[in-house]
Amino acid sequence: MSARCVGKIWALKPMKPNKMRSLLLRWPILIALVTLPVMSLFVVQGMLSFYAEGIHIGSMVAAACVLLLLLGVAAWYLRATRRPGAPAQDIIDMVEANPSWGTLQQQAWQEACLHIEGLLAEDDKPEALLPHSLSVLRQVASAWHRSGKHIEYSVALPEALLAIETLASRYRSVVIKNVPLSNKIKLSQVLALLDLYGAHGKKIQRSYQAYQAYRAYRIFTPQGLIAELSSLVLGGIGENAKETLLYNLKRAYLQEVANVAIDLYSGNFKRALNELPVQQDIQRDLDRLAKEVGPVRILVVGQVSSGKSTLVNALLEEIKAESGLIPITESESVYQFAIEDGLDTRIVDTPGVESGKASVQKTAQRLMNADLVVWVMRANQPARSIDQELYRTFNKSLEDAPERQRPAIMAVATHIDSIPAFSNVREDNLLEVTAPLADACRKSVAFDVFCPVSLKEPQLGVSGLRAALTNLYERAINTRLNRIRMSQPSLYESSSEELRRLGVGSLAALKLGFSGKEVQGRDEESSQSNSGE
Ligand SMILES: Nc1nc2c(ncn2[C@@H]2O[C@H](COP(=O)(O)OP(=O)(O)O)[C@@H](O)[C@H]2O)c(=O)[nH]1
Ligand SMILES: [Mg+2]
């Protein structure tokens with residue numbers, strides 16, 4: 001079905017409305033054209049005879065005034081009787097119906113176009129476009145809902161917003177296609193024409209400035225744009241062409257309203273909306289997937305100067321972590337580390353744990369955020385009370401979170417080169433010779449794997465340590481997955497998060513008299529749990 005609705009509508013009618021209108025407008029002009037020269041002749045003749053008969057000059061001036069008055073009244077009449085609309089031959093179809101529409105939609109389109117012609121014939125001032133739009137909306141809605149109050153607004157808000165968005169983008173195409181040089185017209189030029197910034201300096205009155213600001217603002221609405229186009233931007237083109245273009249633009253705007261409204265009421269926007277939840281689902285899956293494939297987190301803990309940083313360097317096979325006799329590592333340092341090709345991990349070097357509750361608590365908290373623990377102990381360090389205390393605290397934290405999976409612990413005994421009893425140790429008898437050391441360490445920390453090493457050149461045991469890490473990798477991934485699952489907010493937690501956002505949480509906290517210190521503690525905890533992620 002062809003969509004050139006106006007052509008069709010006019011084909012149905014005996015006479016084009018604009019032709020009729022121009023005929024109606026023509027007869028007073030014809031009378032004026034015939035009568036004015038005749039009247040003028042009479043007036044001139046009369047004036048001459050007045051003069052010949054010596055009539056006072058004042059009477060002549062009065063007669064001239066009457067003539068001018070008559071001309072003024074004629075001009076006023078012509079202006080007042082100017083009917084809205086453009087000459088029929090200049091009407092062009094800037095908007096066409098959607099060829100994929102069914103019969104109902106096509107019928108609604110025909111009716112809407114007819115309605116639009118009527119509306120513009122009534123009033124084609126730009127200001128009328130907004131009420132006209134609502135009228136078109138009502139007209140289209142009535143094609144779907146023949147009864148009911150305010151049926152034109154019975155559209156869900158997201159759909160309505162989508163419709164407005166579509167209308168704006170479609171109308172944009174119309175303007176680009178039909179307004180000469182529209183791509184060249186800059187908003188700044190329009191604003192400059194509006195003289196908003198007061199090019200005339202102090203002479204500009206405040207009320208005038210406010211009016212100009214209002215005009216600048218309304219450019220962002222179609223009706224405002226059309227109004228400004230008429231007065232400013234299209235000033236260069238001929239009056240008739242400008243009128244025609246503006247009429248066509250107004251008509252196109254209302255037709256786009258009808259176009260979008262038909263899609264809206266026939267449910268064509270619903271499919272696009274249904275995509276939204278799907279997209280959210282996909283995004284959620286992606287978020288989870290990204291977390292699942294994230295690298296395993298290996299945490300290196302131990303007392304100060306036990307050799308943690310040296311061990312990290314040995315594993316990375318380059319000096320990245322600063323090591324020394326004095327405790328150097330002040331905060332966590334994270335390194336990308338591939339145990340083997342494809343087994344990417346992050347290895348986290350930590351500050352040494354020291355005696356005292358704060359240091360032990362902090363390190364225990366760090367252990368809760370590990371997928372695999374490398375617990376470094378010096379072979380030549382008999383005092384292991386700090387390790388014992390840390391292990392106890394860590395175990396306590398795990399007991400408090402029974403759903404949490406315990407990360408595997410690899411105990412690494414460094415400095416074996418400084419124990420005379422191990423002087424004959426080699427790569428192949430390393431575990432056998434250091435068995436008593438393993439037993440001693442187990443008394444402090446219940447580890448899963450024991451790796452004795454010498455990090456002093458020539459290094460010993462590092463390749464065995466690497467192999468042990470590979471073996472623990474799978475378990476570490478499981479721990480990681482468990483940790484991610486546990487960190488997902490539950491329904492209750494997420495709704496309390498919403499409440500917090502709404503400020504209800506802070507109100508409740510105030511009522512319960514929570515101290516600022518506790519809130520701070522919580523923040524620290526959450527930043528801790530995010531560290532290294
Ligand atoms: N002889 C020997 N020295 C080591 C060994 N491991 C580390 N060191 C030294 O011990 C000191 C402290 O090491 P560092 O890695 O800084 O300890 P961290 O505080 O635990 O990070 C450094 O001077 C290292 O060179 C080892 O296996 N044998
Ligand atoms: Mg260090």
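Atoms considered below: every heavy atom in the structure, side chains included; atoms not considered: hydrogens, waters and symmetry mates. Remember, it's 1-based here, ligands and their atoms both numbered in the order they're listed. Nothing here was measured: the structure is a model prediction, and the numbers come from that model.
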**Complete:** For Thr310, the ligand 1 atoms with a heavy-atom partner under 4.0 Å come out as 7 (C), 13 (O), 14 (P), 15 (O), 24 (C)
**Asked** Side chains of Leu315 and Leu465: closer than 4.5 Å at any heavy-atom pair?
**Response** yes
**Asked** Backbone, side chain, both or neither: what part of Ile416 comes under 4.0 angstrom of ligand 1, heavy atoms only?
**Response** neither
**Request:** Answer yes or no: is there a side-chain heavy-atom contact under 4.5 Å between Ser305 and Arg378?
**Result:** yes
**Asked** Heavy-atom distance to atom 6 (N) of ligand 1: which of Lys456, His415, Arg378 wins?
**Response** His415
**Numbered atoms of ligand 1 (with element) below 4.0 Å of Asp417, judged on heavy atoms** = 1 (N), 2 (C), 26 (C), 27 (O), 28 (N)
**Request:** Would you check whether Ser305 reaches within less than 4.0 Å of ligand 1, judged by its heavy atoms?
**Result:** yes
**Asked** So, are Glu332 and Lys362 salt-bridged, with charged N and O less than 4.0 Å apart?
**Response** no
**Asp371 and Arg475 ion-paired at < 4.0 Å** = no
**Asked** Within the side chain of Asp349, is there an N or O that forms a donor-acceptor pair under 3.5 Å with the backbone of Ser333?
**Response** no
**Complete:** In terms of heavy-atom contacts, Ala401 and Met368 come closest through CB-CE, 4.4 Å
**Message:** Under a 4.0 angstrom heavy-atom cut-off, which atoms of ligand 1 come close to Ser454?
**Reply:** 27 (O)
**Prompt:** Any N or O of Gly307 that comes nearer than 3.5 Å to an N or O of ligand 1?
**Reply:** yes
**Message:** I'd like to check the side chain to side chain contact (heavy atoms under 4.5 Å, CB included) partners of Ala438; sequence neighbours left out, ordered by chain and number.
**Reply:** Phe447, Phe450
**Asked** So, is Ser309 placed with an N/O/S atom under 2.8 Å from the Mg ion (ligand 2), counting both backbone and side chain?
**Response** yes
**Message:** With the threshold set at under 4.0 angstrom, would you say Ser306 reaches ligand 1 through any of its heavy atoms?
**Reply:** yes
**Asked** Does ligand 1 have any atom sitting under 4.0 Å from a heavy atom of Gly352?
**Response** no
**Message:** Test your reading of the structure: does Leu455 have an N or O sitting under 3.5 Å from an N or O of ligand 1?
**Reply:** yes
**Selection from Pro452, Ser309, Ala413 by shortest heavy-atom distance to atom 21 (O) of ligand 1** = Ser309
**Request:** Just jot down the side chain to side chain contact (heavy atoms under 4.5 Å, CB included) partners of Thr470, sequence neighbours excluded, or say none.
**Result:** Ile339, Glu340, Leu343
